[in-house]
Amino acid sequence: MANNYLKLEFPSLPENVGLARAVVAAFAAHLEFTLAEIEEIRVAVSEAVSNCVIHAYPDKAGVIQLELSIHADILSIQVKDFGKGIIDIEQAKQATFSTDPERMGLGLVFMESFMNHLQIQSIPLQGTTVVMKKHPERGLADAGFSRSS
Amino acid sequence: MANNYLKLEFPSLPENVGLARAVVAAFAAHLEFTLAEIEEIRVAVSEAVSNCVIHAYPDKAGVIQLELSIHADILSIQVKDFGKGIIDIEQAKQATFSTDPERMGLGLVFMESFMNHLQIQSIPLQGTTVVMKKHPERGLADAGFSRSS
Amino acid sequence: MLIQTERVGANLIVTVEGELDLVTSPTFREVVDGKLNHYDAIKHLILDLKKVEFIDSSGLGVILGRFRRLNQLGGKISAIHVSDQIKRVLQLSGLLKVIEIYDDRHGALENSWR
Amino acid sequence: MLIQTERVGANLIVTVEGELDLVTSPTFREVVDGKLNHYDAIKHLILDLKKVEFIDSSGLGVILGRFRRLNQLGGKISAIHVSDQIKRVLQLSGLLKVIEIYDDRHGALENSWR
Ligand SMILES: Nc1ncnc2c1ncn2[C@@H]1O[C@H](COP(=O)(O)OP(=O)(O)O)[C@@H](O)[C@H]1O
Ligand SMILES: Nc1ncnc2c1ncn2[C@@H]1O[C@H](COP(=O)(O)OP(=O)(O)O)[C@@H](O)[C@H]1O
């Protein structure tokens, strides 16, 4: 499988969350993911992009950059915003921690559960970068890391 | 309908032609296109991106930039490469003109027929930019131009 | 997303079709809360998830919100036609502890009479 | 794309499923030319386009190429189960002038006996 990438940029409008899901699903189809794995990827991306829309840019739309790439059978997804930022990432990762009373604080939990790897970098008032990786479970033996569950 | 945009960048690998079609179809769904119109858009994009893969970068993969935007009910699609370029655009637009004996020379004809507007700029050895626009036929009366057939 | 509701005794059956996410969850909340405000008799919610193509934490959040509301009045939520994928997110979210799963409308209704 | 072939007398029935574009057209050409090379008896091609989800000029190009080859030997190409969308691109490309359209396999076979 040749290495491939896709870089996207779009405004943080709610309707672009579904678009991001569709793009990532189409791109991920280049690897041999099962349908269930593609579903997991769609959820993880939906959470990451929704967070940009809701938390990074609560007042008006800002720029979201989504970078997808495939190297050695591993799908990498980077979601970057230039918004509000997260003060305490470890706290944000706790289930049920949310700065929004209407929300469940499950987004980061889903990203962590559904992907093999999750890394978050954030600087308050400058923005947040989320990097997630996943490889097809079938090809597990060949890849450089095992499933974190 | 709020103005929206999507910028994409990807290498000129053949498998990305289908990806570009899927992304554009998902983005175009924000306007009230009929299924037949979405099909026409998919064909036009497929032709433009295929041309980058085949003609702009015949020897090795180069960069393709795809920019989609919606303003006042009009979908604009820009496909840009930094490849070989076209020496005579008017000649290239003729049906049956192709620099490749295995091809039909229909790509530009389809783009012109299926979209309301087509503009091509090219500088030999620097690259080609194709801009296409289309609006939902239902909303014709409101838009700034009529169908070119 | 398409959403349809039907009242059967003390139950509101809500059939959702499409994607339940950031964009569509507010509509789900408005439609369901509208019915709950209008019909005092409704105690239980039965969610028909057969045609749900996608659900993420935004969708689960509005379901939890409806559970909290009904639970205060002694009501409950059940879900029918739940795919493995959706069962998975329900479980991870903890919602599976409070939502009862049945195969179909018949099973869910039978249980709500108890 | 999935491609299936079946020989019925002097006809090769080719059923295509999926997208016929830059990526898949070479496969179409190889499979069909392989059959034509192998069976001298084949004179005509019947394309079943029922499950074709997309076709662009790359796909039309390989169809035209097969037409040229068969036409030299007095053979022809017909297409069955053609959607309006595909009819439209066939027409714009000029291929509708050389490809015969029938409702189904029955109609196409009947006409190839003439
Ligand atoms: N891109 C982001 N920008 C700013 N804050 C974020 C971002 N992503 C997550 N957060 C913070 O982390 C918290 C937890 O996020 P998450 O687990 O997705 O749950 P939820 O979105 O339901 O609150 C959010 O409430 C928010 O405060
Ligand atoms: N992006 C491009 N870069 C370089 N040349 C191009 C590009 N797009 C089109 N052309 C030239 O224009 C010709 C006509 O293009 P088109 O109508 O799409 O037909 P075809 O691709 O079948 O040749 C091509 O053969 C090629 O020489």
Side-chain angles (χ1 to χ4, degrees), chain B residues 12-25 33-58 61 64 79 92-115 132 137 149, chain D residues 1-3 16-34 36 45 47 49-72 77 79 81-99:
Chain B
S12 64
L13 302 173
E15 62 259 40
N16 288 337
V17 176
L19 189 69
R21 283 198 299 268
V23 172
V24 175
F33 287 111
T34 61
L35 282 184
E37 287 170 332
I38 296 273
E39 269 307 300
E40 295 177 337
I41 294 166
R42 290 177 75 213
V43 173
V45 167
S46 196
E47 301 295 349
V49 177
S50 293
N51 279 348
C52 300
V53 175
I54 303 163
H55 301 299
Y57 303 112
I64 300 175
V79 183
K93 277 189 180 178
Q94 304 304 311
T96 77
F97 174 84
S98 176
T99 50
D100 183 335
E102 278 281 291
R103 299 186 57 77
M104 295 178 80
L106 278 174
L108 294 173
V109 174
F110 280 179
M111 291 180 223
E112 191 137 45
S113 307
F114 288 155
M115 303 295 284
M132 305 183 277
E137 202 65 22
S149 59
Chain D
M1 183 197 61
L2 284 174
I3 179 164
V16 182
E17 194 175 330
E19 309 197 312
L20 198 54
D21 70 353
L22 183 65
V23 174
T24 52
S25 295
T27 308
F28 177 94
R29 186 177 56 223
E30 279 156 32
V31 169
V32 173
D33 281 359
L36 294 181
L45 216 59
L47 303 176
L49 303 180
K50 186 173 186 178
K51 292 186 175 166
V52 169
E53 284 154 18
F54 180 81
I55 189 164
D56 65 7
S57 72
S58 300
L60 298 173
V62 295
I63 295 178
L64 181 66
R66 287 344 93 205
F67 172 76
R68 288 195 177 127
R69 175 173 176 167
L70 291 171
N71 191 41
Q72 289 181 335
I77 300 194
H81 302 128
V82 186
S83 71
D84 287 347
Q85 179 61 27
I86 290 179
K87 217 171 268 170
R88 178 96 184 279
V89 297
L90 288 175
Q91 170 149 39
L92 262 175
S93 68
L95 274 177
L96 214 52
K97 292 188 200 125
V98 296
I99 291 186

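Naming: A, B, ... by sequence-line order, numbering from 1 per chain.
Counting heavy-atom pairs closer than 4.5 Å to chain D, the top-ranked of the candidates B:E39, B:R42, B:R21, B:R103 is B:R21.
For D:V62, no part lies under 4.5 angstrom from a heavy atom of chain B. Contact of B:I54 with chain D is made through the side chain alone, with heavy-atom distances under 4.5 Å. Contacts of B:V49 with chain D are absent, with no heavy-atom separation under 4.5 Å from either backbone or side chain. Contacts between D:L60 and chain B at a heavy-atom distance below 4.5 Å involve backbone atoms as well as side-chain atoms.
Closest of all the heavy-atom pairs between D:S57 and B:F110 is N-CE1, 4.0 Å. The heavy-atom pair separating B:P14 from D:V23 by the smallest distance is O-CG2, 3.2 Å.
Within the model, atoms CD of B:E15 and OG1 of D:T24 stand 12.5 Å from one another, a figure rounded to the nearest 0.5 Å. Distance check, rounded to the nearest 0.5 Å: CG of D:D56 to CE of B:M104 gives 11.0 Å. Atom CG of B:L106 and atom CG of D:L64 lie 9.0 Å apart (nearest 0.5 Å). The line from OG of B:S113 to CG of D:L92 is 4.5 Å long, rounded to the nearest 0.5 Å.
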